[in-house]
Amino acid sequence: MMKIDTKELRIVFMGTPEISAGLLRTLFENKFNVVAVVAQPDKPVGRKGILQKVPTKVVAEEFGVPVYQPIKIRKDYEFLKEINPDLILTFAYGQIVPEGVLNIPKYGCLNFHGSLLPKYRGAAPIQFSLINNESVTGVTLMEMIKEMDAGKMFASKEVIIEENDNATSLFKKIEVASCELLLDKIQDYVDGKLPGEEQDPSKVTFCPMIKPEEEKINLDLSAKEIWGWIRGLSDEPGAFLYLNGLKIKIFKAKLIDDNSSGNIGEIIKADKTGFVFQTKCGAISILELQKEGKGRMDYKSFLNGNQGLLGKKFE
RNA sequence: CGCGGAGUAGAGCAGUGGUAGCUCAUCAGGCCCAUAACCUGGAGGUCGCAGCGUUCAAAUCCUGCCUCCGCAA
């Protein structure tokens with residue numbers, strides 16, 4: 001079998017958000033022959049609803065590669081046949097890729113998934129690894145098949161989750177890991193050196209998309225579980241509680257993992273040594289937060305401008 | 001014209017017509033075995049920008065603009 005250099009292959013990249021744009025940039029900078037980029041349509045962003053280019057589009061334009069943004073790839077993928085790619089790479093594209101696309105490229109379709117499969121199949125693996133207080137996660141290079149995130153695994157790379165990681169920092173780590181995984185393994189894949197491993201069905205877990213109502217912290221959970229949610233939703237979109245009827249987003253917190261219990265949600269400390277509220281089991285020390293209409297600030301600043309909170313309750 | 005909140009000292013806030021204040025941080029000094037404690041003193045603001053708007057008098061009222069934030073999409 002003749003050896004093929006991956007850099008000669010016609011590659012189509014499918015992906016949308018920031019993390020995906022990082023991988024795309026790595027492809028360009030390492031002289032891969034990316035012939036087209038497929039991304040979600042541009043969406044109105046922010047209060048003013050200004051249409052903003054998706055991150056992968058920005059990178060693609062920087063390198064002069066055409067961008068396709070079908071509203072429904074399920075029905076609209078004829079253009080891919082004309083492009084005639086040898087290989088399709090996807091990372092957080094945002095739509096289910098139809099079978100018709102999977103059969104187009106000679107070397108198949110590979111997906112980067114932000115977890116160590118078979119754990120955390122689905123939409124928000126990075127957030128959920130934090131929400132569930134995992135200590136290790138990673139990125140998996142896998143074959144795309146009809147069923148979502150269910151294909152053979154060719155390679156993966158571990159990422160250690162540290163105590164002070166949140167979604168933003170973990171996304172960054174996964175992005176770096178996925179770039180390394182790409183450079184380390186893609187040639188082996190093309191050479192047929194990676195046999196691929198089927199996912200063990202008994203170990204499969206799923207993570208759904210995070211719904212807006214889940215951004216409200218559930219006070220029935222333990223301090224540790226709440227801490228997971230705070231980290232998993234920080235910095236965007238932010239987990240929140242209500243205090244005096246106002247929404248308070250909590251961006252950064254510390255876990256006080258003792259067995260204390262008391263009135264759930266009650267503020268048990270509010271001075272310069274800490275801003276702590278009680279949960280069902282254990283307590284949470286808030287470090288950075290934001291009140292409706294105000295900017296994000298550290299707890300000392302917040303308490304400075306909001307006094308007499310001791311004994312009040314989060315809801 | 002989607003709805004709403006906010007811009008005052010480095011930070012967080014109060015002040016709705018009459019001398020710009022409070023808390024924290026900071027600086028100097030003091031006390032103490034010691035301190036994230038306490039006491040004394042100091043520095044630091046053309047009150048988001050503009051209208052040379054209204055007024056004897058504007059942070060405060062009026063008009064326009066800019067920026068930030070919550071919601072909705």
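Naming: A, B, ... by sequence-line order, numbering from 1 per chain.
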* To do: Take atom P in rU16(B) and the same atom in rG70(B), then report the distance between them in whole Å.
  => 28 Å
* Consider only side-chain N and O atoms of Asp191(A) and Gln187(A), and report whether a donor and an acceptor are under 3.5 Å apart. => yes
* **C1' gap between rU26(B) and rC66(B), integer Å** => 31 Å
* To do: Answer yes if Phe275(A) and Ile217(A) sit in the same cluster of Ile, Leu, Val, Met, Phe, Trp and Tyr residues linked by side chain heavy atoms under 4.5 Å apart, and no otherwise.
  => yes
* Asked: How is Gly293(A) classified with respect to the nucleic acid when contacts are heavy atoms under 4.0 Å: base, sugar-phosphate, or nothing?
  -> base
* To do: Round to a whole Å and report the spacing from NZ of Lys247(A) to C1' of rC3(B).
  => 14 Å
* To do: May I ask you to verify if any side-chain N or O of Lys300(A) is less than 4.0 angstrom from the OP1 or OP2 atom of rA25(B)?
  => no
* To do: Once you apply the 3.5 Å cut-off to both distances, tell me the Watson-Crick or G-U wobble partner of rA14(B), or none.
  => none
* Span that lies between the P atom of rG41(B) and that of rG53(B), in whole angstrom -> 42 Å
* To do: Consider the side chain of Met297(A), meaning its heavy atoms from C-beta on, and name the nucleotide among rC13(B), rC24(B), rG70(B) that approaches it most closely.
  => rC13(B)
* To do: Provide, to the nearest angstrom, the distance between the CG atom belonging to Asn306(A) and the C1' atom belonging to rC24(B).
  => 14 Å
* Asked: Once you round it to whole Å, what is the distance between C1' of rG4(B) and CD of Glu292(A)?
  -> 9 Å
* Figure out the CG/P separation between Asp298(A) and rC13(B), and round it to whole Å. => 11 Å
* For rG15(B) and rA34(B), measure between their C1' atoms and round to the nearest Å. => 40 Å
* To do: Using a heavy-atom cut-off of under 4.0 Å over every strand shown, decide if Lys249(A) touches base, sugar-phosphate, or nothing.
  => sugar-phosphate
* **Phe240(A) CZ - rC71(B) C1' separation (whole Å)** => 10 Å
* **Phe28(A)-Phe63(A) aromatic ring centre distance below 6.0 Å** => yes
* Structure fact -> Side-chain contact check for Lys272(A): nearest option of rA36(B), rG12(B), rC69(B) is rA36(B)
* Look at the side-chain N and O atoms of Gln290(A) and state whether any lies under 4.0 Å from the OP1 or OP2 oxygen of rG70(B). => yes
* **d(CD1, Ile250(A); P, rC69(B)) in whole Å** => 19 Å
* Asked: Do you know which of Asn132(A), Thr137(A), Asp149(A), Thr205(A) makes side-chain hydrogen bond (donor to acceptor under 3.5 Å, both in side chains) with Tyr120(A)?
  -> Asn132(A)
* Asked: Starting at CG of Asn304(A) and ending at C1' of rC22(B), how long is that distance when rounded to a whole Å?
  -> 9 Å
* Indicate yes or no: does Lys247(A) engage Glu215(A) in a salt bridge with an N to O separation below 4.0 Å. => no
* To do: Scan every strand shown for a Watson-Crick or G-U wobble partner of rG2(B), both distances under 3.5 Å, and answer none if you come up empty.
  => rC71(B)
* Would a 4.5 Å heavy-atom cut-off, applied to side chains only, mark Phe251(A) and Arg296(A) as touching? -> yes
* Say you pick atom C1' in rA14(B) and the same atom in rA9(B); how far apart are they, in whole Å? -> 14 Å
* **Distance in angstrom units between Glu215(A) CD and rG70(B) P, rounded** => 11 Å
* To do: Using the C1' atoms only, state how far rU46(B) lies from rG42(B), rounded to an integer number of Å.
  => 23 Å
* Can you tell me, in whole Å, how much space there is between the P of rC49(B) and that of rG10(B)? => 13 Å
* With rounding to whole Å, what would you report as the distance between rA37(B) and rC71(B) at their P atoms? -> 36 Å
* Criterion side chain to side chain contact (heavy atoms under 4.5 Å, CB included) on Phe277(A) and Leu219(A), from CA distance to verdict -> CA-CA 11 Å; Phe277(A) 70 94; Leu219(A) 285 169; 4.0 Å; yes
* To do: Select from Pro212(A) and Leu303(A) the residue whose nearest nucleotide in RNA chain B is closer to the 5' end of that strand.
  => Leu303(A)
* Asked: Across all strands shown, which nucleotide pairs with rA28(B) by Watson-Crick or G-U wobble geometry, both distances under 3.5 Å?
  -> rU40(B)
* Asked: With respect to the phosphate group of rC13(B), does any side-chain polar atom (N or O) of Lys294(A) fall under 4.0 Å of OP1 or OP2?
  -> yes
